[in-house]
Amino acid sequence: MKSLFLKTQTLAYLLLGFVAVFAQNSMKIPQNTAFYMEINGKQLNKKIDWERFNPFLQEITKDKGKDKKPSWNDYSKTGIKYDATQYHYGTFNDSVQSYNAHFIIDNQEKFQEFINSTKKKGLEVSKKSNYSYIDIDDNTFVAWNGNRAYLTMINYNKPSKDTWADYNAVDSTTVVIDSAVAVVDSAAAVYEEEEKPFDYKEEIQYLKDEIKYLKENIKSNNADILKYQKDIKYLEKHHKYPAEKVETKVDDQKDYDEIAPPASQDDYAEAEAYPLDTDYQKELDSLQSEKFKIVKKFAENNFDRYFSSNYELDVPKEMLNFRDANSDVFVYTDYGKIMNEGIYGKMFRGVGYTKFLEKMYNSNSAYNLYFDKDKVRLVNNLQHRNSDIQKSISDVYRGKKNKKLTALISDKSVGYYAINVNGYKTFDMMYSFFQDAGEKEYQKELQLMMETMKIVLDEEAIAKIAPGNGIFVLNELKSKKVDYTDYDYDDDYNEKEVKKTKDVMVPDFTFAFATENEGYWKRVFDVLTTNKDFAKKFTKNGDVYTFKEGKSNGYLDQLYFTVKDGIVYLTSSTENLTSKNQSSNSTKWMKDSAKYPLSGRLDIQKLLVGLEQEFKTVSEKKTLNLIRKNVGEVYFKTEVKGESIQTEMDYNIKNSSENSLMYFFDMFDAIFKNMEADKKPQTL
C-alpha cells in the first residue's frame, strides 16, 4: 500500500512538472513590430573565417589611447552560440522605438567576461529571480540566464500633447513642455494687453520666466540667457534698461552729450548670482534620470516576459509567408506600420491624404539573403494586404514583350534598365488606390473626380502612345575637355576671373520606348523644329531630330530624337540607333530584358573605369584601384510570383574569396589597411 502511494505521489509530481513546463507560453512578438529578422547561424558560421575575421574586428575596435588596451581580444569566443538561429525585431511608435535581439549562450563564463568588458566601469549587474541584466549604455540593456541572452536598445521621447493628441499621460517631460507652453502663453497675453506704465518688478519676473524657458534649449541660447541675467541686475539697480548706444555725426555733438553713458561692468558685478550651467545641468540630469528610469522599466518588462516564457517567439504567420529556410538571413518589414503609424502616420494626417496613403503602403515585404560561393543574392517579395489591389498591381506587371528594344544592348554596355509593363492597367491600379480613399466629408467629391477622370481620359489612346515597354542603356563613359571659370584673389582680396579646362566624363546612352502611335510623336518633334522659340535649338535632318544647346562647354553637346519601326529613340549619338552585334553574354541579357517586367544590369568595374578622373589624391586613387580590382556586377529581375511581386538582385563577385560573405570582409580589410597606411608618417 505504501509503495502504491509513493508511486502515485511520484506520478503526480511528474504531471505537475509537465504542466508547469507547458504552462510557460511562447513570447508573443509585440503588435507594433515593423521589422523582424532571423539570422541562420548554422549556415553563416560555416562561411565566416574567424581566424581572419577576428583580428580585423580587434583592429577596428581597439582604443586609440596610449595607455588603453582593447576591451576584448577574441570576438570568436564571446560565449554566444554563433551556429544557432538569432532573432531580431524592431518596434516603434511616435514615442518609443526599440531594437531587440535574442541569442543562445553556449559558454556562460565567456559571455559574462564579454559583458564585463563592455559595461561601464564600476557598474554592477542587477539580479532578478530568473535572470541577470545590466545597462551597457543609457538606452542599451542586456539580460541573460544560463543559456539565453536578450539585448534591447530603447529610445524614448515623450511627444507634446499639443502635437500628438492621443497622448494624455503626464510625466516629467510633459510637465516641462507644459511649463514652457505656459510661459509662451503668458508672454503672448502680455503682448496683447494695452500698454501699461513700466513696472520693473514685473519685467524682472518676466525675464526670470524667460530664463526658465531658455534653459530647456540651453545649448543654443547661452548667449541670450547671459544677456537677460545682466539686464535683471541692471534693472534691479537702475529700475530701467541701459540706454542704447547711438552712432552720431560730429555735428550732432550736442544731442550726443545728452545720451546716457553705457552701463559699466560694475552694474553686472552680481551676475554670477545666477549660475549659468549648474542649474541647467541639474535639470538636465534630472530629466535624463527620469528618462533612464522609463527606458529601464520598458527593458525590465521585456526581460520579465521573455525569461518567463519558453524562449520561443510567437511570430504571426503573415510575417513568415515568404521565409526560405535555406536563406542565410530572412527579413520582414511591415510598410503599413512604418508609413501609416507612429510619427509618419501623424505627419500624413496633417496633409489630409491619410486614407490614400494607408491603402498605398498597406503591404508586407520579405527579404531572403543568400551568401553563395560566387555571388550574393537578395530575393524580395512584396505583397499588398488587399487582394484586389494586389491583383491590379500584378496585372500591371503582365505586359507585352518587345524584342526590338533589347537589340540595343551590346557587350560593351556598362548597364541597362528595361521595363515591360501594361500601361493600360496602370490606370486601374491608380483607381484602386483612390477607391474609398477619401476622408468621409470628401468621399463623394473624390468619387465624382474619379468618374470624371475616367470620362475625360481616353485610357486606351494614352496606352497606345506609350504601352509600357522601354529601355535605358548606358553604353560607356567618354572623356571630354570642358572650359570653366575659376577665381583667384590677390593680396588685397581683389577677385580675378581665370579661364581653365578640365576633363569630365560624359555618358554615351540610349533611351527608347515602344509606341503604337508613331504619328503623335512625329508631330511633337515637328512642332519643336518649327516653333520660333524651340527651333533655335531643335533641327531636323531626314528622320532624325537634333537638340543642341549652343554651348560646347556642357556635358552633352547634343541629343538626337527619332521614331521608327514603332520605337521612339532619345540618344547621345546616332551610332546607337542601329542594332549591335551580340555575344552569348549580351544575348542572355537581351532575352532577360524581354522576358521580365523589370530587369537590369550594372557592371560596376566598367563604371569605375569611367569615373577614375573624379578621384584626385593619391589616397583616393589607391582606394579606387582596390575597389576596382574587387567589384563585380549587379543584376536584377522582377516578376509576378503567385500573389506577390518578386525581385531578385544578384551581385557577382570577381575575386578569390572563399565565398561572397568573406568577399566583403576581404575588400573592407584591404581598404582599411590602405587608409591606416596613409595615416602613418612617411619616412624620408
Side-chain angles (χ1 to χ4, degrees), residues 322 359-360 363 365 379-384 386-409 413 415-435 450 453-454 457-474 509-521 524 561-571 579-580 582 586-602 634-650:
F322 299 102
K359 294 190 73 172
M360 176 175 284
S363 58
S365 185
V379 179
N380 166 239
N381 289 84
L382 181 64
Q383 182 183 55
H384 201 281
N386 184 306
S387 58
D388 292 335
I389 294 180
Q390 177 60 42
K391 182 180 182 303
S392 66
I393 295 174
S394 298
D395 289 342
V396 171
Y397 282 82
R398 293 189 177 99
K400 296 179 181 179
K401 314 306 177 186
N402 191 307
K403 294 184 178 180
K404 294 179 183 178
L405 294 172
T406 63
L408 298 172
I409 302 173
S413 301
Y416 70 86
Y417 178 82
I419 178 172
N420 296 289
V421 297
N422 190 327
Y424 180 78
K425 291 295 183 179
T426 304
F427 292 96
D428 293 337
M429 181 184 70
M430 292 307 300
Y431 292 147
S432 67
F433 281 129
F434 279 107
Q435 187 71 33
M450 289 176 57
M453 287 175 59
K454 291 180 179 180
L457 297 178
D458 188 341
E459 299 160 4
E460 187 174 352
I462 295 174
K464 287 183 177 180
I465 292 174
N469 305 91
I471 192 169
F472 174 85
V473 182
L474 178 60
F509 70 91
T510 303
F511 171 65
F513 60 91
T515 183
E516 295 177 15
N517 191 341
E518 290 187 21
Y520 171 81
W521 291 107
V524 170
F561 306 79
T562 192
V563 184
K564 63 177 182 179
D565 299 329
I567 305 294
V568 180
Y569 296 87
L570 166 61
T571 180
S579 300
K580 309 296 180 183
Q582 295 176 319
S586 53
T587 300
K588 178 182 180 300
W589 303 334
M590 179 187 72
K591 290 180 179 179
D592 287 348
S593 64
K595 177 181 178 182
Y596 297 106
L598 300 176
S599 64
R601 172 186 166 272
L602 178 63
V634 177
Y635 170 79
F636 83 94
K637 59 183 180 181
T638 299
E639 59 184 326
V640 178
K641 276 291 184 74
E643 297 180 353
S644 72
I645 306 300
Q646 185 180 95
T647 299
E648 178 179 335
M649 181 175 291
D650 298 342

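These numbers were taken from a predicted model, which means no experiment stands behind them. Along the sequence shown, the residues carry numbers beginning at 1.
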(request) For residues T571 and F561, determine if any side-chain heavy atom of one lies less than 4.5 Å from a side-chain heavy atom of the other. (result) no
(request) Would you confirm whether K404, through its side chain, and D565, through its main-chain N or O, come within 3.5 Å as a donor-acceptor pair? (result) yes
(request) Look only at the side chain of E639 and the backbone of T647, and say whether a donor-acceptor pair between them is shorter than 3.5 Å. (result) no
(request) Would you check if there is a donor-acceptor pair between the side chains of N381 and S365 at a distance under 3.5 Å? (result) no
(request) Inspect the surroundings of CD in E643 and state if more than 12 heavy atoms from other residues, nucleotides or ligands are less than 6.0 Å away. (result) no
(message) If the test is side chain to side chain contact (heavy atoms under 4.5 Å, CB included), which one of I645, D388, V640 qualifies with I393?
(response) I645
(request) Give a yes or no on this: more than 12 heavy atoms of other residues, nucleotides or ligands lie within 6.0 Å of atom NZ of K591. (result) no
(request) Taking all heavy atoms of V473 and all of S413, pick out the closest pair and write down the distance. (result) CG1-OG, 3.6 Å
(request) Kindly say whether the aromatic ring centers of F511 and F509 come within a distance under 6.0 Å. (result) no
(request) Could you check if a side-chain atom of F322 sits within less than 4.5 angstrom of a side-chain atom of Q383, using non-hydrogen atoms only? (result) yes
(request) Taking atom types as modelled, find out whether Y596 and E648 have a side-chain donor-acceptor pair closer than 3.5 angstrom. (result) no
(request) Kindly compute the distance separating CG (N386) from OG (S363), expressed to the nearest 0.5 Å. (result) 11.0 Å
(request) Output yes when a side-chain donor or acceptor of S394 lies under 3.5 Å from a complementary backbone atom of Q390, and no otherwise. (result) yes
(message) I need the S432 OG to M360 CE distance, nearest 0.5 Å.
(response) 9.5 Å
(message) If we check side chain to side chain contact (heavy atoms under 4.5 Å, CB included) with I471, which of these qualifies: N402, L405, T510?
(response) L405
(message) Could you check whether Y635 and D592, counting side-chain N and O atoms only, form a donor-acceptor pair closer than 3.5 Å?
(response) yes
(message) For a quick test of reading the model, state the closest non-hydrogen atom pair linking N420 to K400 and the distance between them.
(response) CB-O, 3.7 Å
(message) For the aromatic rings, using the six-membered ring if either is Trp, is the centroid distance between Y569 and W521 under 6.0 Å?
(response) no
(request) Would you give the length of the straight line joining atom CE of M429 to atom OG of S392, rounded to the nearest 0.5 angstrom? (result) 7.0 Å
(message) Quick check against the 3.5 Å criterion: does K425 have a side-chain atom that pairs as donor or acceptor with the backbone of D395?
(response) no
(message) Counting neighbours of NZ on K401 that are heavy atoms of other residues, nucleotides or ligands and sit closer than 6.0 Å, is the number greater than 12?
(response) yes
(request) Applying side-chain contact (heavy atoms from CB on, under 4.5 Å), run through L408 and Y416 and close with a yes or a no. (result) CA-CA 10 Å; L408 298 172; Y416 70 86; over 6 Å; no
(request) Enter the distance from M649:CE to K637:NZ here, rounded to the nearest 0.5 Å. (result) 12.5 Å
(request) Show your working on side-chain hydrogen bond (donor to acceptor under 3.5 Å, both in side chains) between Y431 and E459 and close with a plain yes or no. (result) CA-CA 12 Å; Y431 292 147; E459 299 160 4; 2.9 Å; yes
(message) Under a 3.5 Å distance rule, please check whether D650 uses its side chain to pair with a backbone N or O of F636 as donor and acceptor.
(response) no
(message) I need the R601 CZ to L474 CG distance, nearest 0.5 Å.
(response) 10.5 Å
(request) Taking T515 for its side chain and N517 for its backbone only, find out whether a donor-acceptor pair lies under 3.5 Å. (result) yes
(request) Rounded to the nearest 0.5 Å, what's the gap from CD1 on I419 to OG on S593? Could you check? (result) 12.5 Å
